[in-house]
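One structure is given below, encoded as structure tokens.
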Amino acid sequence: MEERLLGGTGLRVSSLGLGTLTWSRDTDEHEAAELLRDFVDAGGTLVDTAAHYADGDAEQLVGSLLGTVVAREDVVLCTKAGVRRTERGGVVDASRGALLDGLDASLARLGTDHVDLWLVQAPDPRTPMVETVGALEQALASGRARYVGLSNHPGWQTARAATLLGPGRLAAVEVEYSLLERGIEREVVPAAIDLGLGVLAWSPLGRGVLTGKYRHALPADSRAASSHLAGFVEPYLGRTALPVVEALVTAAEGLGCSALEVALAWVLGRPQVASAVVGARTALQLRAALGTAVELPAEIVRALDEVSSPAAGYPERR
């Protein structure tokens, strides 16, 4: 698997990242072990998780596999903080205390003394950015995080955080990016290019829709059929997504590969993208992504750009 530098840093990450959103919920410990083993065997390094995934159980499962299934030094471990669990559900809290307490809890669950990349998961309108950045500075100074970044923040907040933290200190921004979600191209991508940040693209397969599996029916084992994930997929099951999916399938047929491979190749060819994080629930799904080695001809890229652009009728969500 290709290795890429994360923006202007010296941190190298695999072009595909392994997402763990479903771990300890839809993906049990046996399947997770197989996923992680296959991923590392294929040259993958970036493992992406978060403190609130499965209320911390996803991190716990990742930690249980480090040192047993794969060596800790063989992975680039990324986790996120800033969403804490309450009786009313998840609450965004990017205050210094919440972030640093969250980092310590994450390290305990992961069974490590540091993470390679630590991200603030969501914007917190109630906490001044200078306080959030202070927590990032403390994590770096203590060595508990080797690199820091933001997740799901707009371009102006990304630029503000980078300015407060200082040149070269903010490493990455993780955002949803796919043929069905291109809103980040307005502000986030230009900011990342100007500031030298690496872009980590989550859900590069349009929450699974760009695999083409939802074209004719709702598979019983799909996320859209899952009671707690149906709302995650539903926004991309409407009529506006259909032309994009059909164009993707047509391109794949012409190239003799899968729609999944074309969708990933498109994302990995975008400016500043260091890694596309795939959230495979099963080893079979992951193997389909690991086999990706497609180079898209320029005319196909142009056609996909055109059909998926907001001007073609697909609304920007960011």
Side-chain angles (χ1 to χ4, degrees), residues 1-2 15-19 21 174-186 188-189 199-226 229-282 284-318:
M1 192 183 304
E2 181 188 2
S15 57
L16 291 182
L18 179 62
L21 174 66
E174 184 174 49
V175 283
E176 184 176 5
Y177 195 18
S178 74
L179 280 162
L180 295 181
E181 171 53 284
R182 295 181 59 188
I184 68 161
E185 293 174 359
R186 285 203 314 274
V188 177
V189 171
V199 173
L200 304 178
W202 65 263
S203 203
L205 298 175
R207 310 189 185 192
V209 173
L210 292 173
T211 63
K213 65 184 176 183
Y214 296 112
R215 291 171 71 204
H216 306 298
L218 192 68
D221 62 345
S222 67
R223 289 184 180 183
S226 170
L229 287 175
F232 180 71
V233 180
E234 190 274 334
Y236 294 151
L237 293 179
R239 293 181 182 177
T240 50
L242 186 59
V244 181
V245 175
E246 292 304 319
L248 187 67
V249 170
T250 299
E253 290 172 349
L255 293 170
C257 61
S258 68
L260 175 151
E261 290 176 286
V262 176
L264 287 177
W266 182 89
V267 170
L268 290 172
R270 308 310 285 181
Q272 216 65 17
V273 171
S275 186
V277 180
V278 293
R281 290 181 296 113
T282 68
L284 184 63
Q285 290 177 344
L286 179 63
R287 288 174 194 136
L290 293 178
T292 300
V294 176
E295 290 190 17
L296 300 182
E299 59 270 23
I300 287 183
V301 173
R302 284 194 296 269
L304 292 174
D305 285 353
E306 182 177 347
V307 75
S308 64
S309 72
Y314 197 84
E316 290 183 287
R317 291 167 49 79
R318 195 178 303 280

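Note that the structure is predicted; figures quoted are calculated from it, not measured. Because only heavy atoms are used, hydrogens play no part in the values below, and waters and symmetry mates are left out as well, while side chains stay in.
Of the inter-residue distances, the one linking Ile300 atom CD1 with Leu255 atom CG reads 3.5 Å to the nearest 0.5 angstrom. Between the OG atom of Ser309 and the CG atom of Leu304 there is a distance of 11.0 Å, given to the nearest 0.5 Å. The line from CG of Asp305 to CH2 of Trp266 is 6.0 Å long, rounded to the nearest 0.5 Å.
A donor-acceptor pair under 3.5 Å is formed between the side chain of Glu261 and the backbone N or O of Ser258. Using a distance-only test at 3.5 Å, with no hydrogens or angles considered, a donor-acceptor pair links the side chain of Ser275 to the main chain of Gly17. Under the 3.5 Å distance criterion, the side-chain polar atoms of Gln285 are matched with a main-chain donor or acceptor of Arg281.
Counting all heavy atoms, side chain and backbone alike, Val245 lies closest to Gly212 at CG1-CA, 4.2 Å. In this structure, Ala201 and Val267 approach most closely via the heavy-atom pair CB-CG1, 3.7 Å. Nearest heavy-atom pair, Leu296 versus Ala265, reported as atom, atom and distance to 0.1 Å: CG-CB, 3.8 Å. The two residues Ala241 and Tyr236 make their nearest non-hydrogen contact at CB-O, 3.3 Å. Heavy-atom minimum distance, Ala252 versus Ala259: CB-N, 3.5 Å. Counting all heavy atoms, side chain and backbone alike, Glu174 lies closest to Trp202 at CG-CD1, 3.8 Å.
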**Prompt:** Stepwise, does the side chain to side chain contact (heavy atoms under 4.5 Å, CB included) test hold for Arg270 with Val189?
**Reply:** CA-CA 9 Å; Arg270 308 310 285 181; Val189 171; over 6 Å; no
**Request:** Walk me through it: do Val307 and Leu248 pass the test side chain to side chain contact (heavy atoms under 4.5 Å, CB included)?
**Result:** CA-CA 9 Å; Val307 75; Leu248 187 67; over 6 Å; no
**Message:** Quick one, Leu210 with Leu260, criterion side chain to side chain contact (heavy atoms under 4.5 Å, CB included). Give me CA distance, side-chain angles, the key distance, then yes/no.
**Reply:** CA-CA 6 Å; Leu210 292 173; Leu260 175 151; over 6 Å; no
**Prompt:** side chain to side chain contact (heavy atoms under 4.5 Å, CB included) between Leu264 and Val278: does it pass, once the steps are laid out?
**Reply:** CA-CA 9 Å; Leu264 287 177; Val278 293; 3.9 Å; yes
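The environment of Glu299 atom CD is dense: over 12 non-hydrogen atoms of other residues, nucleotides or ligands sit within 6.0 angstrom.
Side-chain atoms of Ser308 and Arg182 include a donor-acceptor pair closer than 3.5 Å.
Under the 4.0 Å criterion applied to side-chain N and carboxylate O atoms, Glu176 and Arg207 are assigned as salt-bridge partners.
Side-chain contact check for Val277 versus Leu18: every heavy-atom pair is 4.5 Å or farther apart. Contact annotation: the side chain of Val209 never approaches that of Leu205 to less than 4.5 Å [non-hydrogen atoms, C-beta and beyond]. Put simply, the side chain of Leu16 reaches to within 4.5 Å of the side chain of Leu268, judged on heavy atoms.
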